[in-house]
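The next block holds one structure in the form of structure tokens; read it before the comments.
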Amino acid sequence: MKATVEYIEKKFEEFNRQMFAGKLPKLPIELSNAKTFLGQCAFKKRLTVFGKVKLYDFRMRISTRFDLTEREIEDTIIHEMIHYYIGVNNLKDTSAHGQLFRQMMNSINERYGRSLTISHKITKQQKEEAHDTRQRWHVVAVIDFKNGKTGIKVLPRIVQRILNYYNKVGAVSEVAAIRLYMSNDIFFNRYPNSGALTATFVERETAMSHLADAEKLQCDGKRIIRTK
């Protein structure tokens with residue numbers, strides 16, 4: 001499930017009445033494509049004439065990059081509502097998830113049977129799903145190492161940079177062979193696109209399964225020739 005603004009607003013109102021005595025003012029809800037967080041309570045700071053820090057311009061951001069269960073989304077919203085409650089009421093805490101935050105979190109978990117945690121834990125599968133799913137063309141180098149390992153590298157679609165990588169990596173004594181492919185499989189979106197002389201080790205079967213429909217590129221060290 002991926003949340004919508006309407007869904008988050010509805011849950012915000014529900015949890016505000018249920019857990020925060022309806023005391024939280026409405027705030028802008030934003031959907032994010034971030035892969036570094038599930039939820040975020042963002043705000044700005046300013047210094048008052050009395051020299052105190054004032055928080056303002058609160059907004060809640062929920063990442064839609066992950067496919068979460070409804071309960072996970074609800075817990076994420078409540079987690080950020082605790083941050084919002086502490087911030088909008090200018091309450092002091094020992095840290096971002098300090099003593100006050102933990103007290104409120106534990107109270108909500110106990111009273112309402114929630115499963116809130118200090119951090120939003122992202123599973124390995126969710127991290128995999130977080131990568132860009134737009135289809136695009138990549139030049140993919142597959143490197144066979146003499147020790148039996150397989151590496152892949154996504155290269156810029158620039159002939160000189162491809163040739164530089166092909167020639168220099170191919171000359172490394174540990175490399176048995178290097179092959180080039182043109183692929184639009186979204187699997188390769190997760191890998192950095194650069195001409196750096198590096199490679200990422202992968203299972204050979206995994207790499208080749210995603211290159212089954214790819215176009216093989218022929219290279220003699222001076223030219224790259226498309227086979228189709």
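All of these numbers come straight from a predicted model, not from anything done at the bench.
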Next item on the list: Might you work through the salt bridge (Lys or Arg N to Asp or Glu O under 4.0 Å) test for Lys146 and Glu174, ending with a clear yes or no?
Entry: CA-CA 6 Å; Lys146 292 179 181 178; Glu174 292 85 356; over 6 Å; no
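- The distance between the ring centers of His210 and Tyr181 does not fall below 6.0 angstrom.
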Notebook entry, point to check: Would Glu80 and Arg61 count as a salt bridge (Lys or Arg N to Asp or Glu O under 4.0 Å) if you check the C-alpha gap in whole Å, the side-chain angles of each, and the deciding distance to 0.1 Å?
Noted result: CA-CA 9 Å; Glu80 301 311 324; Arg61 295 175 180 144; over 6 Å; no
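- Using a distance-only test at 3.5 Å, with no hydrogens or angles considered, no donor-acceptor pair links the side chain of His79 to the main chain of Gly39.
- In the hydrophobic clustering of this structure, Ile158 does not group with Leu163; members are Ile, Leu, Val, Met, Phe, Trp, Tyr whose side-chain heavy atoms approach within less than 4.5 Å, directly or through other members.
- When each of Leu91, Asn16, Leu100 is paired with Tyr85, the side-chain contact (heavy atoms from CB on, under 4.5 Å) condition holds for Leu91 and for no other.
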Margin query: Under the criterion side-chain hydrogen bond (donor to acceptor under 3.5 Å, both in side chains), I'd like the reasoning laid out for Asp185 against His138: C-alpha separation, chi angles, the key distance, then a yes or no.
Written below: CA-CA 8 Å; Asp185 192 307; His138 298 292; over 6 Å; no
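- Between Tyr166 and Leu155, every side-chain heavy-atom pair lies at or beyond the 4.5 Å cut-off.
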Next item on the list: Applying side-chain hydrogen bond (donor to acceptor under 3.5 Å, both in side chains), run through Lys153 and Ser194 and close with a yes or a no.
Entry: CA-CA 8 Å; Lys153 176 69 177 180; Ser194 77; 2.9 Å; yes
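- Although no hydrogens or angles enter the test, the distance criterion places a donor-acceptor pair under 3.5 Å between the side chain of Tyr165 and the main chain of Thr198.
- The shortest distance between side-chain heavy atoms of Arg223 and Gln218 does not fall below 4.5 Å.
- No more than 12 heavy-atom neighbours from other residues, nucleotides or ligands sit within 6.0 angstrom of CD on Gln99.
- With hydrogens and angles left out, the side-chain atoms of Glu70 and Tyr7 include a donor and acceptor closer than 3.5 Å.
- The closest side-chain heavy-atom distance from Arg114 to Arg71 is below 4.5 Å.
- Looking at Asp93, its side chain never comes within 3.5 Å of a backbone N or O of Ile86 through a donor-acceptor pair.
- Residues Thr150 and Arg204 approach most closely at OG1-CB, 3.4 Å, considering heavy atoms.
- Across all non-hydrogen atoms, the minimal contact from Ala34 to Ser63 is O-OG, 2.6 Å.
- For the residue pair Ile152 and Val142, the shortest heavy atom distance occurs at CG2-CG2, 4.3 Å.
- Taking 4.5 Å as the limit, some side-chain heavy atom of Met81 sits within range of a side-chain heavy atom of Met60.
- Under the 30°/60° scheme for interplanar angles, the aromatic rings of His97 and Phe101 are found to stand perpendicular.
- Hydrophobic clustering (side-chain heavy atoms under 4.5 Å, transitive across Ile, Leu, Val, Met, Phe, Trp, Tyr) keeps Tyr56 apart from Leu27.
- Phe188 places a side-chain heavy atom less than 4.5 Å from the side chain of Leu211.
- Centroid-to-centroid, the aromatic rings of Phe43 and Tyr84 stay 6.0 Å apart or farther.
- Across all their heavy atoms, Val169 and Val175 have their closest contact at O-CG2, 3.4 Å.
- The two residues Ile178 and Gly170 have their closest heavy-atom pair at CG2-CA, 4.1 Å.
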